[in-house]
Amino acid sequence: MTLVLEVDAVSKAFPTPADPLVVLEGVSLVAGAGERLVVTGPSGSGKSTLLAILGGLEPPTTGHISVAGVDPFRLSAARRAAFRNQRIGFVFQEHHLLESCTALENVLLPVLATGRASAPQVERARLLLDRVGLASRERHLPAELSGGERQRVAVARAVMREPMLLLADEPTGQLDSQAAVGVVDVLTSMVGETGSLLLVVTHDDQIATRVADHPQGRRLHMLDGRLLP
Ligand code: ADP
Ligand code: MG
C-alpha cells in the first residue's frame, strides 16, 4: 500500500482577545492509497479545520503533515497552489461550481486553471460526467441542475486530475437521503478507479456506514479537537 497521508501531532489554535482557541490537539494519522476514511463528530469539533490543513489551505499551528511525501506548507505559495491542483481533490458542502460555466467546463476547471484543455483531457471530462450519470447534461449550467447533480459534477471535477488525496467535507450536507446516496456512491466508485485516498467528513450515520463498509474503509471520530479511533 502506498502511503499517501501522514499527520504528525498536528494542533491548531486561533488567536482570540483572551486565550487562543485550541481547535485541534495532537492529531496524528497515517493512511494509504485506496483507503476510505470517514470522520464523524459533533459540530465545532474541528473536522473542517482538519480538512483545511490536510488540503494545504491552512497551516497547522504545531505539527506536520505530508501528502504523497510532500509537506505542502514547506512550499512557496505558488508551488503549494500547483501541488494542490495536481494532488488534492476537494468536495465541499457547497458545490462551488462556477455558475457561468457548463457542467463540462466545470469538470475541466482544474485543467483550465493551468492552461488550455487538451483533447484527451476533454475526453476524460466527458467520461467522468458519464460516470457520474450526467452525460446528457454536459452543456447545462449549474442553475439547471438539481443539488445532487451539482454535487456529482463537483465530484467529477475533484477527480479530474486523479488526485492522490480526495477530501470531502459534508458533501451530502444539503441533500435529501436519496441524492446523498447517489453522491456518495459516485465518490466511492471514483476512488475505486483512481486509487485515491478518500477522506469524507459527515454527520450522517447512514453515509458514514456506506463509505466505511468496505475492506479498505475506516471510521474515525472527532471530539473536542482530538481524533479518536
Ligand atoms: P466542524 O467542522 O467540526 O463543525 P470547525 O473545524 O469548522 O468544526 O470549527 C471548530 C472550531 O474552530 C469552532 O469552534 C469554530 O468556531 C472555530 N474556528 C474555525 N475556524 C476559525 C477561524 N478562522 N477563526 C477562529 N475560530 C475558528
Ligand atoms: Mg465543518
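Heavy-atom basis, side chains included; hydrogens, waters and symmetry copies ignored. Just so it is clear, the structure is predicted and the values come from calculations on it, not from any experiment. Start at 1 and go down the list; that is how both ligands and their atoms are numbered.
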For this session: May I ask whether Gly225 places a heavy atom under 4.0 Å from ligand 1?
Result: no
For this session: Please work out which of the three classes, parallel, tilted or perpendicular, describes the rings of Phe90 and Phe92, given edges at 30° and 60°.
Result: parallel
Residue [X] excluded, over 12 heavy atoms near [atom1] under 6.0 Å:
| X | atom1 | answer |
| --- | --- | --- |
| Gln178 | CD | no |
| His64 | NE2 | no |
| Asp224 | CG | no |
| Asp130 | CG | yes |

What residue and heavy atom of the protein are closest to [atom], and at what distance?
| atom | answer |
| --- | --- |
| atom 7 (O) of ligand 1 | Ser48 CB, 3.6 Å |
| atom 9 (O) of ligand 1 | Thr49 OG1, 3.8 Å |
| atom 23 (N) of ligand 1 | Phe14 CE2, 3.4 Å |
| atom 1 (P) of ligand 1 | Gly44 N, 3.5 Å |
| atom 8 (O) of ligand 1 | Gly46 N, 3.3 Å |
| atom 12 (O) of ligand 1 | Val23 CG2, 3.1 Å |

Exercise. Taking the side chain from Gln121 and the backbone from Ser118, do they hold a donor-acceptor pair closer than 3.5 Å?
Worked result: yes
Exercise. Can an N, O or S atom be found in Thr49 less than 2.8 Å away from the Mg ion (ligand 2)?
Worked result: no
Exercise. What atoms of ligand 1 come closer than 4.0 angstrom to any heavy atom of Ser43?
Worked result: 4 (O)
Seminar exercise, completed: Near Pro42 (heavy-atom distance under 4.0 Å), the atoms of ligand 1 are 3 (O)
Problem set entry | Check ion pair Arg80-Asp71 (N to O, under 4.0 angstrom) | no
Exercise. Between Glu58 and Lys12, is the closest basic N to carboxylate O distance under 4.0 Å?
Worked result: yes
Problem set entry | Closer than 4.0 Å: a protein non-hydrogen atom to atom 15 (C) of ligand 1 | no
